[in-house]
Amino acid sequence: MVTTEIDGRACGISHVGGRENNEDNMLLLKLPDAYLFAVADGLGGHNAGEVASKIAVETLKKVLKDGYKEGMSKEEVKALLEKAYRLAHDRINENAVGEREGMGTTLITAFVRGGKAIIANTGDSRAYLIRSGKIVERTKDHSIVQELLDNGTITEEDAKHHPMRNVITKSLGIDFGVDFYEWKLEKGDVLLLSSDGLHDYIEEDRIAEIASNGDPKDIAERLIGEALKATKDNVTVVVFREGGLDG
């Protein structure tokens with residue numbers, strides 16, 4: 001298990017779960033006037049998923065550290081994030097040879113500054129905005145099941161047990177695509193990033209309930225503990241609380 005903290009305001013934990021290897025990776029980075037968080041969940045046999053998710057996170061970190069300047073506009077931040085995603089996609093492709101052929105990764109990123117979050121998403125890792133014990137915002141998965149939900153073919157209940165629920169339609173290294181979201185954060189809000197080892201196994205109401213109390217490390221530890229009761233998958237969470245605990 002890997003645990004990372006920043007300023008008491010953010011904590012990330014990645015756990016191998018019941019697998020032999022952890023193909024998830026995470027990033028918690030302090031920028032001059034912002035925070036950058038990310039979770040990547042790798043795809044592919046022969047440990048290739050681990051390689052792909054590591055490339056994604058390392059590329060994102062380098063592009064933002066080198067390219068971000070204090071006070072950049074949100075349009076410039078989005079352009080920088082898209083550049084990082086595209087570069088990661090290309091680098092994963094370049095390395096997808098031999099046993100690593102066909103490898104890819106999800107990548108969910110949150111850039112947080114001044115009470116606002118810019119979210120970038122590829123795949124089915126997720127970002128949640130939790131306020132007063134309720135989920136008020138959530139990213140939409142790039143997945144077969146999400147498409148079936150969108151066109152009304154299946155219900156939310158069907159989705160939980162659908163045989164294709166792990167089939168994603170966008171991933172870095174395989175099929176490029178990135179969605180952006182802009183969320184306003186209020187004091188006391190919790191921003192959660194997770195790999196599907198959490199949200200595919202724990203009901204969203206329960207996720208929101210756990211995230212409504214405690215500091216980021218406490219929340220992260222309880223979410224991981226809850227997931228490990230139900231999943232054999234790798235599990236990664238990053239938790240950020242806006243404005244500290246007294247909100």
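All heavy atoms count here, side chains included; hydrogens, waters and symmetry mates do not. Positions are given from 1 along the sequence.
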**Student:** Would you check if there is a donor-acceptor pair between the side chains of H142 and D179 at a distance under 3.5 Å?
**Tutor:**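 Per modelled atom types, D179 and H142 side chains form a pair under 3.5 Å.
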**Student:** Residues two or more places apart in sequence or in another chain: which of them pass salt bridge (charged side-chain N to carboxylate O under 4.0 Å, His left out) with K74?
**Tutor:**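 Per chain and number, K74 pairs via salt bridge (charged side-chain N to carboxylate O under 4.0 Å, His left out) with E182.
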**Student:** Name all residues meeting the side-chain hydrogen bond (donor to acceptor under 3.5 Å, both in side chains) criterion together with N22; count only those two or more places apart in sequence or in a different chain, and write none if there are none.
**Tutor:**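 Result, side-chain hydrogen bond (donor to acceptor under 3.5 Å, both in side chains) vs N22: S14.
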**Student:** Would you check if L64 and L81 make a side-chain contact, meaning some heavy-atom pair closer than 4.5 Å?
**Tutor:**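 The answer is yes; the side chains approach within 4.5 Å.
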**Student:** In chain order, what residues pass the salt bridge (charged side-chain N to carboxylate O under 4.0 Å, His left out) check against D7, with sequence neighbours excluded?
**Tutor:**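 For D7 the salt bridge (charged side-chain N to carboxylate O under 4.0 Å, His left out) partners, ignoring immediate neighbours, are K30.
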**Student:** List the atom of V237, the atom of S194, and the distance in Å for their closest heavy-atom pair.
**Tutor:**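 That would be CG1-CB, 4.3 Å.
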**Student:** Looking only at side chains, do T236 and D24 share a donor and an acceptor under 3.5 Å apart?
**Tutor:**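 There is such a pair between these side chains.
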**Student:** Taking transitive links into account, so neighbours of neighbours count too, which hydrophobic residues share a cluster with V112 at under 4.5 Å side-chain distance?
**Tutor:**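 Under the 4.5 Å side-chain rule, V112 groups with V2, I6, M26, L28, Y35, F37, V39, I108, I119, L129, V136, Y181, W183, L185, L191, L193, V238, F240.
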**Student:** Walk me through it: do D215 and R241 pass the test salt bridge (charged side-chain N to carboxylate O under 4.0 Å, His left out)?
**Tutor:** CA-CA 8 Å; D215 62 31; R241 186 183 282 279; over 6 Å; no
**Student:** Is it the case that atom CD in E101 sees more than 12 heavy atoms from other parts of the structure closer than 6.0 Å?
**Tutor:**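 No - once you tally the heavy atoms of other residues, nucleotides and ligands closer than 6.0 Å, there are 12 at most.
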**Student:** Suppose we screen for side-chain contact (heavy atoms from CB on, under 4.5 Å). Which residues come up paired with E75, at least two apart in sequence or across chains?
**Tutor:**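 If we apply the side-chain contact (heavy atoms from CB on, under 4.5 Å) test to E75, skipping adjacent residues, the hits are S73.
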**Student:** Could you list the residues that satisfy side-chain contact (heavy atoms from CB on, under 4.5 Å) with I174, not counting sequence neighbours?
**Tutor:**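 So I174 forms a side-chain contact (heavy atoms from CB on, under 4.5 Å) with L43, S171.
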**Student:** For a side-chain hydrogen bond (donor to acceptor under 3.5 Å, both in side chains) with S125, tell me which candidate from T139, D196, T106 qualifies.
**Tutor:**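 Result for side-chain hydrogen bond (donor to acceptor under 3.5 Å, both in side chains) with S125: T106.
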**Student:** List for me each residue that meets salt bridge (charged side-chain N to carboxylate O under 4.0 Å, His left out) alongside D218, sequence neighbours excluded, and say none if there are none.
**Tutor:**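 Salt bridge (charged side-chain N to carboxylate O under 4.0 Å, His left out) check on D218 returns R222.
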**Student:** I'd like to know whether E204 forms a salt bridge (charged side-chain N to carboxylate O under 4.0 Å, His left out) with R138, so could you lay out the CA-CA distance, the side-chain angles of the two residues, the decisive distance to 0.1 Å, and finally the verdict.
**Tutor:** CA-CA 10 Å; E204 290 190 340; R138 197 202 93 178; 3.1 Å; yes
**Student:** Taking only residues two or more places apart in sequence or in another chain, which ones pass salt bridge (charged side-chain N to carboxylate O under 4.0 Å, His left out) with E147?
**Tutor:**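 Once residues adjacent in sequence are excluded, E147 has no partner under the salt bridge (charged side-chain N to carboxylate O under 4.0 Å, His left out) criterion.
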**Student:** Can you list every ring pair (Phe, Tyr, Trp, His ring centres under 6.0 Å) pair that touches residues 103-138, not counting sequence neighbours?
**Tutor:**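 Residue pairs passing ring pair (Phe, Tyr, Trp, His ring centres under 6.0 Å), neighbours aside: Y68-F111.
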**Student:** According to side-chain contact (heavy atoms from CB on, under 4.5 Å), who are the partners of D150, at least two apart in sequence or on a separate chain?
**Tutor:**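 D150 satisfies side-chain contact (heavy atoms from CB on, under 4.5 Å) with K140, Q146 once adjacent residues are dropped.
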**Student:** Is V16 isolated, or which residues cluster with it under the ILVMFWY side-chain rule of less than 4.5 Å, directly or via members?
**Tutor:**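 Noted: V16 shares its cluster with no other residue.
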**Student:** Who are the side-chain contact (heavy atoms from CB on, under 4.5 Å) partners of K65, not counting sequence neighbours?
**Tutor:**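 K65 satisfies side-chain contact (heavy atoms from CB on, under 4.5 Å) with L29, K61 once adjacent residues are dropped.
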